[in-house]
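The first residue of the sequence shown is numbered 1, and numbering continues consecutively from there.
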Amino acid sequence: MAETITFRPDEDARRALAVLTQDGTSVSTAVRAALIDAAKAAAQDRLRAEAAALAADDTDRAEAAQVLRDMETLRAW
């Protein structure tokens, strides 16, 4: 059995929960789905930020280009 977590929603959270449950979805299901979606979005945001930082790193880009050039000589025809 999953542990029970209690939270006190503010007015904005209550309105959001009303939207998420208007189709009959239970509060527990809506909260679980929202938490999972938020965690996925946060992970995607971190990956996007990391990719942007790498793309802006001239040293890293030069090294990647060199690796591609080195690999080109090993390519099978």
Side-chain angles (χ1 to χ4, degrees):
M1 190 60 130
E3 79 177 88
T4 299
I5 298 174
T6 303
F7 81 103
R8 291 178 181 84
D10 60 11
E11 192 55 39
D12 288 339
R14 264 192 275 285
R15 282 194 296 271
L17 198 52
V19 170
L20 295 173
T21 58
Q22 70 185 358
D23 64 354
T25 300
S26 71
V27 170
S28 291
T29 298
V31 170
R32 275 194 299 274
L35 286 171
I36 291 167
D37 288 347
K40 286 179 184 177
Q44 289 173 343
D45 289 345
R46 282 191 300 276
L47 286 174
R48 267 192 288 282
E50 184 179 347
L54 289 172
D57 184 338
D58 291 336
T59 303
D60 187 66
R61 289 179 39 222
E63 186 176 333
Q66 183 61 49
V67 168
L68 287 175
R69 283 190 298 275
D70 292 345
M71 296 296 289
E72 182 65 25
T73 62
L74 302 174
R75 186 169 68 159
W77 293 88

I'd like to know if Glu11 and Arg15 make a salt bridge, using a cut-off of under 4.0 Å between side-chain N and carboxylate O. yes

Where Val19 and Gln22 come nearest, the two heavy atoms and their spacing: O-CG, 3.3 Å

Here the gap from Ile36 atom CD1 to Lys40 atom NZ, rounded to the nearest 0.5 Å, amounts to 6.5 Å

Flag yes if Val67 and Leu74 sit in one hydrophobic cluster, no otherwise; membership is Ile, Leu, Val, Met, Phe, Trp, Tyr, and two members link when side-chain heavy atoms are under 4.5 Å apart. yes

Carboxylate-amine/guanidinium contact Glu72 Arg69, below 4.0 Å: no

Apart from Val27 itself, members of its ILVMFWY cluster (side-chain separation under 4.5 Å) are Phe7, Leu17, Val31, Leu35

Heavy-atom pair of closest approach, residues Thr25 and Ala30: CG2-N, 3.8 Å

